Amino acid sequence: MPSAKGLFPETYSKFIGTYWGAVSSPFALEIVESADAYIFVGPIFNDYSSVGYSLLIKKDKMLVVQPDRVTIGAGASYGCVVMVEFLNLLAQRVRKNEVAWENYKRIFIPPGVVQKSVANEPLRINVLFQYIQNMLNADTAVIAETGDSWFNCQKLKLPEGCGFEFQMQYGSIGWSVGATLGYAQAATTKRVISCIGDGSFQVTCQDISTMIRQNQPNIIFLINNGGYTIEVEIHDGPYNIIKNWDYCGLVDAIKNGEGKVWTTRVKTEDELSRAVAECLSEKNRDNLCFIEIIAHKDDTSKELLEWGSRVSAANGRMSQILTE
C-alpha cells in the first residue's frame with residue numbers, strides 16, 4: 001500500500017507495484033482484488049488510503065496483521081499476537097503459490113512513453129518526473145510532499161538502496177520541508193531529493209534556514225502551480241488560490257550571504273535539463289539546490305484526478321446521523 005513504499009525492495013523480480021485502489025500501479029489492483037485471499041500487514045484504512053472507501057476487497061478474504069493483533073476475515077480477532085513473531089511462523093507454514101504472479105505476467109502491458117517536449121513548450125510535470133527518475137540511485141532519498149507529488153513519486157522506480165518517505169495518514173500540508181531537514185540531518189550519506197508544492201512550501205518554508213545552517217546538500221523541486229492543487233480536486237474554491245512568491249528570491253534572502261546555496265527557476269525542458277546537470281555537477285555537489293518549476297495550474301497526474309473525485313464524493317456525503 002502507498003505508505004509502505006520504500007520498505008520493500010522494488011528491484012525484487014516479482015514486485016508488481018503499489019496497491020492503492022483505483023490509483024494503484026498498473027494491473028496491481030486487478031491482481032489484488034481478484035485474489036482468493038489477501039494478507040494486509042499494518043494497514044490503516046482511511047478515506048485517503050482507501051481512495052474514498054472505494055476498495056473492492058472483501059472482509060471475509062482478509063487476514064489483517066497489526067503490531068499486536070491478528071484479525072481473520074470478518075470474524076475472530078486475536079490480541080497479544082506480536083506481528084514479527086506471527087509473520088515468521090506464518091512463513092514457515094504457507095506453500096508457494098504463483099497463480100497471482102502468472103496472472104500478472106499474462107495481463108501486464110508496459111507503460112507508455114512520455115511525449116517529447118517541443119521547443120519552448122511549457123514544462124510538463126510528467127517530463128519533470130522523468131528527470132527525477134534518472135537522478136535516483138543508492139545514494140539518494142526521495143521525500144514526497146502531500147499533494148500531487150504523492151502520486152508522481154509513487155510511480156518512481158526506486159533503485160536498490162534509494163530511500164523514500166511519504167506521509168498521508170494525516171494529509172499534513174507542508175510536512176515535507178521539515179521531513180527533508182530531519183532526514184538529511186540523520187542520513188548524512190544520502191542526498192535528499194524533495195518534491196514540494198508551492199502551497200505546502202508556504203506553510204513551513206522557514207526550515208530552509210536550518211538546512212542552510214547545517215550545510216545540507218538537498219535538492220528541492222518547488223512545483224509552482226499557483227495553489228493547493230490537491231484541495232482543488234477534493235473541494236474547489238477561491239481559498240485554494242494562493243499569493244505567488246518569488247521562491248528563489250526567498251531562499252536567497254534566507255541565505256543572506258552565508259551558506260552554500262544554488263537557486264534557479266525553470267519553465268521549459270531545456271531549462272530543466274541544464275538545471276539538473278548544474279545541481280549534479282561537482283561545484284554544486286555539496287550545495288543546497290533549489291529549483292523552482294513553473295507549471296500550469298491544471299497539470300496534474302491522472303491519479304490525482306481519479307483519487308480527488310472519489311475522496312470528494314466520499315467526504316461530501318451527508319452524515320447518516322443528520323438524515324435520520
Side-chain angles (χ1 to χ4, degrees), residues 1-111 144 150-151 153-158 160 164-171 302-303 306-307 309-311 313-315 317:
M1 293 186 75
S3 290
K5 185 175 176 69
L7 299 180
F8 187 87
E10 298 185 11
T11 52
Y12 177 63
S13 61
K14 294 179 181 177
F15 177 76
I16 68 170
T18 299
Y19 173 65
W20 195 359
V23 295
S24 299
S25 301
F27 307 102
L29 174 144
E30 291 80 3
I31 295 303
V32 171
E33 294 185 349
S34 66
D36 294 332
Y38 0 81
I39 301 175
F40 288 94
V41 179
I44 298 178
F45 294 110
N46 58 22
D47 54 343
Y48 284 7
S49 64
S50 67
V51 196
Y53 303 105
S54 64
L55 304 182
L56 298 180
I57 51 178
K58 297 178 176 63
K59 269 195 171 182
D60 58 352
K61 293 183 177 183
M62 294 173 64
L63 174 64
V64 180
V65 185
Q66 297 292 6
D68 56 3
R69 178 170 295 274
V70 173
T71 302
I72 302 175
S77 184
Y78 300 91
C80 300
V81 178
V82 179
M83 177 187 287
V84 66
E85 295 177 356
F86 175 82
L87 293 176
N88 283 333
L89 290 171
L90 180 65
Q92 297 171 25
R93 298 291 297 273
V94 295
R95 292 188 301 240
K96 185 176 182 179
N97 184 332
E98 294 200 338
V99 171
W101 172 244
E102 294 298 330
N103 285 340
Y104 175 78
K105 288 195 295 182
R106 277 189 284 268
I107 67 174
F108 178 74
I109 300 173
W150 275 355
F151 307 98
C153 288
Q154 278 289 331
K155 291 184 283 189
L156 294 172
K157 308 300 183 187
L158 302 182
E160 188 74 34
F164 189 91
E165 293 296 333
F166 168 89
Q167 186 283 128
M168 66 174 299
Q169 299 306 338
Y170 301 101
K302 69 180 184 64
E303 289 81 7
E306 178 72 33
W307 181 91
S309 64
R310 289 173 180 259
V311 171
N315 290 352
R317 290 178 299 181

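Computed from a predicted structure; not experimentally measured.
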message = Please enumerate all residues that pass side-chain hydrogen bond (donor to acceptor under 3.5 Å, both in side chains) together with S3, with sequence neighbours excluded.
response = Q169
task = Applying ring pair (Phe, Tyr, Trp, His ring centres under 6.0 Å), name anything that partners Y19, two or more places apart in sequence or on another chain.
result = none
ask   = Around I44, counting heavy atoms of other residues, nucleotides and ligands shown, do more than 12 lie under 6.0 Å from its CD1?
value = no
message = Quick one, L90 and I39 - any side-chain contact, counting heavy atoms below 4.5 Å?
response = yes
Partner set under side chain to side chain contact (heavy atoms under 4.5 Å, CB included) for K157, not counting sequence neighbours = Q133
task = State which residues pass ring pair (Phe, Tyr, Trp, His ring centres under 6.0 Å) with F164; sequence neighbours excluded, sorted by chain then number.
result = none
task = Measure centre to centre between the rings of F40 and F45, then say whether the value is under 6.0 Å.
result = yes
query = Looking at side-chain heavy atoms only, is the closest gap between I109 and F27 below 4.5 Å?
reply = yes
note = Sorted by chain and residue number, the salt bridge (charged side-chain N to carboxylate O under 4.0 Å, His left out) partners of E165 (sequence neighbours excluded) come out as none
remark   = Taken in chain and number order and not counting sequence neighbours, the residues that satisfy side chain to side chain contact (heavy atoms under 4.5 Å, CB included) with R93 are none
request  = Using the salt bridge (charged side-chain N to carboxylate O under 4.0 Å, His left out) rule, collect all pairs that involve residues 46-59, keeping only residues at least two apart or in two chains.
outcome  = none
Pairing residues for E306 by the side chain to side chain contact (heavy atoms under 4.5 Å, CB included) criterion, not counting sequence neighbours = A22, V23, R310
ask   = Just wondering, do I31 and W101 contact through their side chains at under 4.5 Å, heavy atoms?
value = no
message = Could you tell me if the side chain of W150 sits less than 4.5 Å from the side chain of W20, heavy atoms only?
response = yes
note = Sequence neighbours excluded, the answer for side chain to side chain contact (heavy atoms under 4.5 Å, CB included) partners of V84 is V82, N88
Check residues 8-15 and write down every donor-acceptor pair under 3.5 Å in which the side-chain atom is one partner and the other belongs to a residue at least two apart or another chain.
{"residue": "E10", "atom": "OE1", "partner": "K5", "partner atom": "NZ", "Å": "3.3"}
{"residue": "E10", "atom": "OE1", "partner": "L158", "partner atom": "N", "Å": "3.1"}
{"residue": "E10", "atom": "OE2", "partner": "K5", "partner atom": "NZ", "Å": "2.7"}
{"residue": "T11", "atom": "OG1", "partner": "E160", "partner atom": "OE1", "Å": "2.5"}
{"residue": "K14", "atom": "NZ", "partner": "E98", "partner atom": "OE2", "Å": "2.1"}

query = Is any side-chain heavy atom of C153 less than 4.5 Å from a side-chain heavy atom of F166?
reply = no
ask   = Can you pull the salt bridge (charged side-chain N to carboxylate O under 4.0 Å, His left out) pairs that have at least one residue in residues 30-39, sequence neighbours excluded?
value = none
Output a table of donor-acceptor pairs, distance under 3.5 Å, between side-chain atoms of residues 60-79 and any protein atom two or more places apart or on a different chain; print 'none' if there are none.
{"residue": "K61", "atom": "NZ", "partner": "A35", "partner atom": "O", "Å": "3.3"}
{"residue": "Q66", "atom": "NE2", "partner": "P43", "partner atom": "O", "Å": "3.0"}
{"residue": "R69", "atom": "NH1", "partner": "S77", "partner atom": "OG", "Å": "3.1"}
{"residue": "T71", "atom": "OG1", "partner": "S77", "partner atom": "OG", "Å": "3.1"}

